[in-house]
Amino acid sequence: MRDDGTGSHDGTGLDDRARLDNATGSDNGAGSHDGARLDGRVAPFWPRRSPHFLQVRTALRGAVQRWRDEHGGNKHWADKHGTDERWADEHGGAKFVIAVSGGPDSLALAAAAAAEKLPAHVVSIDHGLQDGSRAVSEGAIGQVGQWGLSGQVVSVRVVGEPLEAAARHARYQALGDLAGRRPILLAHTGDDQAETLLLGLLRGKASAMGEVSDYQGHTLLRPLLGIRRAHTVGACRELGVAAWNDPHNTDEAFRRVAIRRQVLPLLDQIIGGDATAPLVRAAELLREDDDYLHTLTPKLERATAATEQCTEPATQPAEPSTQPATKPSTEPATQQPPALEIAELGPPPLARRAIAKFLQQHGARVSASTLEASIAFIHDWHGQGAVSVGNGLELARQAGKLVLLHSSLGDDSQPSASST
């Protein structure tokens, strides 16, 4: 797909509904539509010429189709994961959850979902970190409501440092609790991908966001990674939407903001062009490598999946009973902590990726130092103690396994910025 913003599309790949909508929309470029009927049809809420919005819609359509293909279609996925009658009562047939902050990226994504008739429910998380944050979230839900989407505001409490990572952790937990098994759509763009790659490199671990990833057993879907922020901003302009600009996005005390406002512009000057595009490509190659290397560890994938049943790490692993055998107990078995079998981890390149995925799935921190200590548990074991991995968790070696435990030090820190 071209990323020059010219909107040069001939309709190839657009479904009949999209072509019909573009044919019946107004051509005034204002983006203001009141649902007037044209030839018996309801006019769309976007202008007839909206090249940036078309880029967002096309990206969303492709990502959702790839996800459906991967899971054998919605029916297969629904049969596998079951249904939730309470959700159906409250949100109708919504099969996706969209996280919306009120910024241009997430509003453009929500608008695209409405235009594509995606069965989605919108959630805006109020972190309570700024005055008027609740009003911003309510405004975002009000806007998506005008496009025909259901939505709600959810308030969360942010605890821990660094603030950006703590807020992300609280946000993803709240979204996951509400979404359950439904995929959560996030509006990260290619620009976010480039920033994530640079942040990971500065922490000593190259990392990139995937179009589909897992966070504590919840599916995160990022359909806009292949397009640039200019398209989401342009889409909001075409729609006539005044998006919210988070003041934190100009605070260079945050590393990501400093990279966005200082480092990337400097790299543009150094190469005499767009430095973000090759960084995005490098991130895509990194994800391809990671995905392939994960296919080389099928036993590990099964072992990791088995641990996902234990969502609450235990403080200590279960100990064998020393009492004489008696009749079967009716008491529930002690919950075992999430663990990885060291014998199945393989060589360091595969082990690092497996451990990183394992930690991410359980909301722990993934950093170069964490992975180095984890590899030492395997290849340089001399009885060393547990390693703090954030969010009140620590990683230890016990009985030939890497085990995730509640921290005995009471560490209440949150995971640092990572690929999720």
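Basis for what follows: all heavy atoms, side chains included, without hydrogens, waters or symmetry-related copies. Here, residue 1 is the first one in the sequence, and each next residue gets the next number.
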Notebook entry, point to check: Counting only heavy atoms not in R255, do more than 12 fall under 6.0 Å of its CZ?
Noted result: no
Note to self: Under the criterion side-chain contact (heavy atoms from CB on, under 4.5 Å), I'd like the reasoning laid out for L225 against V280: C-alpha separation, chi angles, the key distance, then a yes or no.
What the structure shows: CA-CA 9 Å; L225 285 181; V280 171; over 6 Å; no
Notebook entry, point to check: Do you know which of L198, L197, L266, L267 makes side chain to side chain contact (heavy atoms under 4.5 Å, CB included) with I259?
Noted result: L198
Margin query: If I take atom CD from residue Q65 and atom CG from residue L60, how far apart are they, to the nearest 0.5 angstrom?
Written below: 11.0 Å
Next item on the list: Identify the two heavy atoms, one from S137 and one from I125, that lie closest to each other, and give their separation to 0.1 Å.
Entry: OG-O, 3.7 Å
Next item on the list: Report yes if some heavy atom in the side chain of R260 is under 4.5 Å from a heavy atom in the side chain of R229; otherwise report no.
Entry: yes
Item checked: Distance in Å, Q361 CD paired with S213 OG, rounded so as to fall on 0.5 Å steps -> 10.0 Å
Check: So T250 and R261, side-chain contact (heavy atoms from CB on, under 4.5 Å) or not? Walk me through it.
Finding: CA-CA 8 Å; T250 61; R261 295 169 64 89; 3.8 Å; yes
Checklist line | ring-ring contact (aromatic ring centres under 6.0 Å, His included) contacts touching residues 122-158 (sequence neighbours left out) | finding: F45-W147
Notebook entry, point to check: Any side-chain donor paired with an acceptor under 3.5 Å for D177 and Q173?
Noted result: no
Checklist line | Neighbour count above 12 (heavy atom, 6.0 Å) for E372 CD | finding: no
Notebook entry, point to check: Say you draw a straight line from OG of S374 to CD1 of I355; how long is it, rounded to the nearest 0.5 Å?
Noted result: 4.5 Å
Next item on the list: Please assess E164 against R168 for the test salt bridge (charged side-chain N to carboxylate O under 4.0 Å, His left out), listing each intermediate value before the final yes or no.
Entry: CA-CA 6 Å; E164 182 182 16; R168 181 188 304 108; 3.8 Å; yes
Note to self: Test side-chain contact (heavy atoms from CB on, under 4.5 Å) on E211 and L221; report intermediate values, then the result.
What the structure shows: CA-CA 6 Å; E211 184 173 83; L221 180 58; 4.1 Å; yes
Notebook entry, point to check: Are any of the side-chain heavy atoms of T370 and S367 separated by less than 4.5 Å?
Noted result: yes
Check: Tell me, do R228 and T276 make a side-chain contact under 4.5 Å, heavy atoms counted?
Finding: yes
Next item on the list: Kindly compute the distance separating CG (L395) from OG (S388), expressed to the nearest 0.5 Å.
Entry: 10.5 Å
Note to self: Using a 3.5 Å distance criterion without hydrogens, assess whether the side chain of R397 forms a donor-acceptor pair with backbone atoms of F377.
What the structure shows: yes
Checklist line | Side-chain donor/acceptor of S124 to backbone N/O of I141, under 3.5 Å | finding: no
Check: Should F96 and V64 count as side-chain neighbours, where that means a heavy-atom distance under 4.5 Å?
Finding: yes
Notebook entry, point to check: Between the side chains of H406 and E394, does any donor sit under 3.5 Å from an acceptor?
Noted result: no
Checklist line | Contact summary for S207 and G200, nearest pair of heavy atoms | finding: OG-CA, 3.7 Å
Check: How close do R287 and G210 get, heavy atom to heavy atom, and via which atoms?
Finding: NE-CA, 3.6 Å
Next item on the list: Measure the shortest side-chain to side-chain distance between L279 and L264 over non-hydrogen atoms and say whether it is less than 4.5 angstrom.
Entry: yes
Next item on the list: Might you work through the side-chain contact (heavy atoms from CB on, under 4.5 Å) test for L109 and L224, ending with a clear yes or no?
Entry: CA-CA 8 Å; L109 175 60; L224 307 186; 4.1 Å; yes
Margin query: If we ignore hydrogens and angles and just use 3.5 Å, is the side chain of E238 paired with the main-chain N or O of F53 as donor and acceptor?
Written below: yes
Next item on the list: Please report the shortest heavy-atom distance between D268 and A275, naming the atom on each side.
Entry: OD1-N, 2.8 Å
Note to self: Just so I know, are the side chains of L185 and V97 near enough to count as touching, which here means a heavy-atom distance under 4.5 Å?
What the structure shows: no
Next item on the list: Keeping the roles fixed (side chain from D105, backbone from H188), state whether a donor-acceptor pair exists under 3.5 Å.
Entry: no
Notebook entry, point to check: L371 and R352: which non-hydrogen atoms are nearest, and at how many Å?
Noted result: CD2-O, 3.8 Å
Item checked: Pairs meeting criterion ring-ring contact (aromatic ring centres under 6.0 Å, His included) with involvement of residues 245-287, two or more places apart -> H248-F254
Notebook entry, point to check: Hey, what do you get for CD1 (I98) to NE2 (H121), rounding to the nearest 0.5 Å?
Noted result: 10.0 Å
Notebook entry, point to check: Is the backbone of Q55 close enough, under 3.5 Å, to the side chain of T58 for a donor and an acceptor to pair up by distance?
Noted result: no
Margin query: Could you check whether any side-chain heavy atom of H218 comes within less than 4.5 Å of a side-chain heavy atom of L175, counting everything from C-beta outward?
Written below: no
Notebook entry, point to check: How about D289: does its CG atom have over 12 heavy atoms from other parts shown lying under 6.0 Å from it?
Noted result: yes
Margin query: For a 4.5 angstrom cut-off between non-hydrogen side-chain atoms, does K95 reach L118?
Written below: no
Notebook entry, point to check: So, D126 versus S133: side-chain donor-acceptor pair below 3.5 Å or not?
Noted result: yes
Checklist line | With sequence neighbours excluded, residues passing side chain to side chain contact (heavy atoms under 4.5 Å, CB included) with D290 | finding: L286, R353
Check: If you measure only the distance, is there a donor-acceptor pair under 3.5 Å linking the side chains of R181 and T219?
Finding: no
Next item on the list: Working to the nearest 0.5 Å, report the span between CD of E70 and CZ of R66.
Entry: 11.5 Å
Check: So Y172 and Y215, would you call those rings parallel, tilted or perpendicular, with 30° and 60° as cut-offs?
Finding: perpendicular
Margin query: Minimum heavy-atom separation for P337 and L404, please, with both atom names.
Written below: CB-O, 3.5 Å
Notebook entry, point to check: Looking just at side-chain N and O atoms, do R256 and T196 make a donor-acceptor pair shorter than 3.5 Å?
Noted result: yes
Next item on the list: Check for a donor-acceptor pair, side chain of Q216 on one end and backbone N or O of Q360 on the other, with a separation under 3.5 Å.
Entry: no
